[in-house]
Amino acid sequence: MKLKHITSFFKNILFLSFFIVFALPANSELSVEEIIKGRKAIFSKNYNTAKRVQSLSVSGDFEEAKELMKEMSENYKDLLSYFPENSKEGFKTEASPAIWENKDEFNDLMNKSANDMIELASIIEATDNVKGSLGKLMWSNCKACHSKFRAEH
């Protein structure tokens, strides 16, 4: 009986140790540098992924393209948390002040981009105009964001 309680006790200690080591740091605040570099990395990844989606879709490899579209959608949702007030300047940010001046509009565009990628994944195989669908549901969002919310460089 004692062995059972000792085993249970150590399992609980082990669980608590893992929780402290892995869960608590995930909730700690990122530095401004980490935030800016993080959002730049996500945007860069989405751009490279979009080029891959274009190539795969045009060549008819829809299954892989759809997986990448879903990944891009999640990235757009993640980006919503990468624009806190304290990250307007520094670390070669290309974010325009318009993001914070029009925060609701920016967030709406990120949500629209996420939703459009899911829509694109649902229609890409059946569309008669693959390039047109990519332009309307993927590239147009990139253009809209860059024209309003990216600083000139």
Side-chain angles (χ1 to χ4, degrees), residues 14-153:
L14 186 62
F15 172 77
L16 184 60
S17 298
F18 277 112
F19 177 78
I20 290 170
V21 170
F22 294 108
L24 293 181
N27 293 325
S28 64
E29 290 189 34
L30 297 173
S31 71
V32 172
E33 179 179 13
E34 290 169 319
I35 291 168
I36 292 171
K37 288 182 176 180
R39 70 184 179 219
K40 288 172 77 171
I42 293 171
F43 277 124
S44 179
K45 180 171 178 29
N46 263 12
Y47 175 66
N48 289 325
T49 303
K51 292 190 298 185
R52 183 84 176 124
V53 164
Q54 174 91 25
S55 175
L56 290 166
S57 297
V58 168
S59 67
D61 190 352
F62 298 118
E63 291 309 311
E64 188 176 349
K66 289 192 290 188
E67 289 304 311
L68 293 174
M69 291 172 199
K70 293 172 187 171
E71 181 181 309
M72 288 177 67
S73 176
E74 289 303 314
N75 288 344
Y76 284 121
K77 292 175 193 174
D78 290 345
L79 280 164
L80 292 171
S81 63
Y82 276 84
F83 291 89
E85 285 293 321
N86 67 341
S87 68
K88 294 178 184 180
E89 297 176 338
F91 305 100
K92 299 181 181 178
T93 184
E94 296 176 3
S96 167
I99 290 172
W100 293 272
E101 294 164 5
N102 305 290
K103 191 71 165 142
D104 288 340
E105 183 181 350
F106 176 77
N107 288 348
D108 288 346
L109 181 56
M110 290 298 104
N111 284 317
K112 178 184 180 305
S113 299
N115 294 336
D116 282 354
M117 293 310 298
I118 297 301
E119 181 181 348
L120 182 59
S122 73
I123 62 105
I124 195 66
E125 284 185 83
T127 186
D128 292 333
N129 184 357
V130 170
K131 287 184 181 181
S133 296
L134 290 165
K136 178 183 175 191
L137 295 170
M138 184 172 68
W139 295 115
S140 66
N141 288 322
C142 297
K143 183 177 179 180
C145 186
H146 285 206
S147 65
K148 179 142 189 176
F149 297 114
R150 188 176 186 185
E152 292 191 29
H153 58 294

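Worth knowing before you read on, the calculation uses all heavy atoms, side chains too, and leaves out hydrogens, waters and symmetry mates.
- Ser113 contributes a side-chain N or O that, together with a main-chain N or O of Leu109, makes up a donor-acceptor pair within less than 3.5 Å.
- Taking Lys70 as the reference, Glu67 meet the salt bridge (Lys or Arg N to Asp or Glu O under 4.0 Å) condition, with sequence neighbours excluded.
- Between the side chain of Arg39 and the backbone N or O of Tyr82 there is at least one donor-acceptor pair closer than 3.5 Å.
- Between the Ser147 side chain and the Ala144 main chain, a donor and an acceptor come within less than 3.5 Å of each other.
- By the 6.0 Å contact criterion, NZ on Lys143 is open, its count of non-hydrogen atoms from other residues, nucleotides or ligands being 12 or less.
- Rounding to the nearest 0.5 Å places CZ of Phe83 at 4.5 Å from CD1 of Ile99.
- Judged purely by distance below 3.5 Å, without hydrogens or angles, the side chains of Asn75 and Lys45 never pair a donor atom with an acceptor atom.
- Of the possible polar contacts, one joining the Ser133 side chain to the Asn129 backbone as a donor-acceptor pair under 3.5 Å is found.
- Take Glu34 and apply the salt bridge (Lys or Arg N to Asp or Glu O under 4.0 Å) test, not counting sequence neighbours, and it matches no residue.
- The distance from the CD1 atom of Ile124 to the CG atom of Leu137 is 8.5 Å, given to the nearest 0.5 Å.
- Rounded to the nearest 0.5 Å, atoms SG (Cys145) and NZ (Lys112) are 11.5 Å apart.
- Ser57 contributes no side-chain N or O that, together with a main-chain N or O of Gln54, makes up a donor-acceptor pair within less than 3.5 Å.
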**OP:** Please test Phe149 against Glu105 for side-chain contact (heavy atoms from CB on, under 4.5 Å), starting from the C-alpha separation and ending with a verdict.
**Re:** CA-CA 10 Å; Phe149 297 114; Glu105 183 181 350; 4.0 Å; yes

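- Using a 4.5 Å cut-off on side-chain heavy atoms (C-beta onward), Glu89 and Val32 make no contact.
- Taking the side chain to side chain contact (heavy atoms under 4.5 Å, CB included) definition, one finds that Pro97 meets it with Glu101, sequence neighbours left out.
- Scanning for salt bridge (Lys or Arg N to Asp or Glu O under 4.0 Å) contacts around Lys103 gives an empty result, with sequence neighbours left out.
- Checked against salt bridge (Lys or Arg N to Asp or Glu O under 4.0 Å), Glu85 has the following partners two or more places apart in sequence or in another chain: Lys88.
- Contact between Ile35 and Ser87 at its shortest, heavy atoms only, is CG2-CB, 4.0 Å.
- A distance of 10.0 Å separates CZ of Arg150 from OG1 of Thr93, quoted to the nearest 0.5 Å.
- A side-chain contact (heavy atoms from CB on, under 4.5 Å) with Met69 is found for exactly one of Asp116, Thr49, Leu120, Leu56, namely Leu120.
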Passes side-chain contact (heavy atoms from CB on, under 4.5 Å), Met117 versus Glu71? Steps please. CA-CA 9 Å; Met117 293 310 298; Glu71 181 181 309; over 6 Å; no

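- Checked by atom type and distance alone, the side chain of Trp100 pairs as donor or acceptor with a backbone atom of Pro84 at under 3.5 Å.
- With rounding to the nearest 0.5 angstrom, the NE2 atom of His146 is 9.5 Å from the CH2 atom of Trp139.
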Lys92 and Lys37: CA distance, side-chain angles, deciding distance, side-chain contact (heavy atoms from CB on, under 4.5 Å) verdict: CA-CA 9 Å; Lys92 299 181 181 178; Lys37 288 182 176 180; over 6 Å; no

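- Within the structure, salt bridge (charged side-chain N to carboxylate O under 4.0 Å, His left out) contacts touching residues 119-137 (residues at least two apart or in different chains) are Lys66-Glu125.
- Distance OH/Tyr76 to CG/Asn46: 4.5 Å, rounded to 0.5 Å.
- Listed for the Ser73 side chain is a donor-acceptor partner under 3.5 Å among the backbone atoms of Ala114.
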